[in-house]
K.L.:
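The structure is given below, and queries will be raised subsequently.
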Amino acid sequence: SGKAPGYIIGSIVHKIIAGWDSLALPEIERRSILVRLARREGLTPGATVSHAVKRAERMIANLLSHPVYEQVCGARLRYFELPFDYDSPAGSLHGVIDVLYQGQDGGWQLIDWKTEWAPAGSAEQVIQGSIPQLAVYWMAVKEAMQVEPQVTVCLLNPKCIARLIAAEDLAAAWVAISESELVPRYR
């Protein structure tokens, strides 16, 4: 039908963000990277690739115009697509943190990008639904690095909304997860 599936567009967006410096390239160069990423995801040339690239470009434009972009650009250290294995009281947890960076103040920040469609009416539901996943990431960083990162969920579609998640909410979600017999695996 010429439309790329949302999960593939999300994968493309995550991959170009992981190559952070490519976000600052001229639009035509960035578009070329997006086309290559779309083809690597198995999309067929033509309308499907074009659709994926246009949607990805919109999300990237949303990020570039938001203060979170400059905050990550100004970081002392940045890690993208950071895999982790965490042996917790709840069991063995595995995942990939979208970005973990150390700000100029020395504090650590963790950001999780969300690419699903989250208009104003459903943004809060997406944010709240991400807290258990973010609690796992938060705890994995705390245990591995002996630091407590600030955690932000950043919606990119249809506009950029960055929300800092309170440490109390992460801690409460972690308690619920660690007491649960059904431990999810996060990506």
K.L.:
Could you pull out every donor-acceptor pair under 3.5 Å between side chains of residues 21-29 and any protein atom, sequence neighbours left out?
P.N.:
| unit_1 | atom_1 | unit_2 | atom_2 | d |
| --- | --- | --- | --- | --- |
| Asp21 | OD1 | Arg78 | NH2 | 3.4 |
| Ser22 | OG | Ile16 | O | 3.4 |
| Ser22 | OG | Gly19 | O | 2.6 |
| Glu27 | OE2 | Arg31 | NH2 | 2.8 |

K.L.:
What are the two closest non-hydrogen atoms of Ala56 and Ile9, and how far apart are they?
P.N.:
N-CG2, 4.2 Å
K.L.:
Tell me the closest heavy-atom pair linking Ala123 and Ala118, and the distance in Å.
P.N.:
CB-O, 4.0 Å
K.L.:
State the CD1-CD distance between Ile165 and Gln133, to the nearest 0.5 angstrom.
P.N.:
11.0 Å
K.L.:
Find the distance between CG (Leu63) and SG (Cys154) and round it off to the nearest 0.5 Å.
P.N.:
6.0 Å
K.L.:
Closer than 3.5 angstrom, by distance alone: can the side chain of Glu124 be matched with the main-chain N or O of Gly121 as a donor-acceptor pair?
P.N.:
no
K.L.:
Identify the two heavy atoms, one from Leu156 and one from Met59, that lie closest to each other, and give their separation to 0.1 Å.
P.N.:
O-CG, 3.4 Å
K.L.:
Going by side-chain contact (heavy atoms from CB on, under 4.5 Å), name the residues that satisfy it together with Ser178, two or more places apart in sequence or in a different chain.
P.N.:
Ala90, Trp174
K.L.:
Got a sec, which residues hit side-chain contact (heavy atoms from CB on, under 4.5 Å) with Val175, two or more places apart in sequence or on another chain?
P.N.:
Glu179
K.L.:
Which atom pair, heavy atoms only, marks the closest approach of Ala135 to Leu170?
P.N.:
CB-O, 3.4 Å
K.L.:
Taking Trp108 as the starting point, is it possible to reach Val136 by hopping between hydrophobic residues whose side chains are less than 4.5 Å apart?
P.N.:
yes
K.L.:
Kindly compute the distance separating CG (Asp98) from CG (Asp112), expressed to the nearest 0.5 Å.
P.N.:
4.5 Å
K.L.:
In this structure, would Val153 and Trp113 fall into the same cluster of hydrophobic residues linked by side-chain contacts under 4.5 Å?
P.N.:
no
K.L.:
Answer yes or no: is there an ion pair linking Glu81 with Lys15, defined by an N-O contact shorter than 4.0 Å?
P.N.:
no
K.L.:
With a cut-off of 6.0 Å (strictly less than), are more than 12 heavy atoms of other residues, nucleotides or ligands near CD of Gln125?
P.N.:
no
K.L.:
Kindly write out the residues that satisfy side-chain contact (heavy atoms from CB on, under 4.5 Å) with Thr152, not counting sequence neighbours, or none if the list is empty.
P.N.:
Ile111, Ala162, Leu164
K.L.:
Just how far is it from atom OG of Ser92 to atom NE2 of His94, taken to the nearest 0.5 Å?
P.N.:
3.0 Å
K.L.:
Looking at His66 and Asn62, would you say the former's side chain and the latter's main chain have a donor-acceptor pair under 3.5 Å?
P.N.:
no
K.L.:
Quick check on the 6.0 Å ring-centre criterion: do Phe80 and Trp20 meet it?
P.N.:
yes
K.L.:
Please list, chain by chain and in numerical order, all residues satisfying side-chain contact (heavy atoms from CB on, under 4.5 Å) with Ala171, sequence neighbours excluded.
P.N.:
Trp138
K.L.:
Can you tell if the side chain of Gln109 reaches within under 4.5 Å of the side chain of Pro149, non-hydrogen atoms only?
P.N.:
no
K.L.:
Count I, L, V, M, F, W, Y as connected when their side-chain heavy atoms are under 4.5 Å apart, and connections chain through other members. Are Ile97 and Val147 then in the same cluster?
P.N.:
yes
K.L.:
Is the Tyr137 to Phe84 ring centre distance short of 6.0 Å?
P.N.:
yes
K.L.:
Check whether Leu134 and Leu100 end up in the same hydrophobic cluster, where Ile, Leu, Val, Met, Phe, Trp and Tyr are linked by side-chain heavy atoms less than 4.5 Å apart.
P.N.:
yes
K.L.:
Looking at every non-hydrogen atom in both residues, tell me the closest pair between Ala75 and Tyr101 and how far apart they are.
P.N.:
CB-CD1, 3.4 Å
K.L.:
Is there a path of hydrophobic side-chain contacts, each under 4.5 Å between heavy atoms, that joins Trp117 and Tyr7?
P.N.:
no
K.L.:
Write out all pairs satisfying salt bridge (Lys or Arg N to Asp or Glu O under 4.0 Å) with one or both partners inside residues 67-76, taking only residues at least two apart or from two chains.
P.N.:
none
K.L.:
Taking all non-hydrogen atoms of both residues into account, name the closest pair between Lys114 and Ser130 and its distance.
P.N.:
CE-CB, 3.7 Å
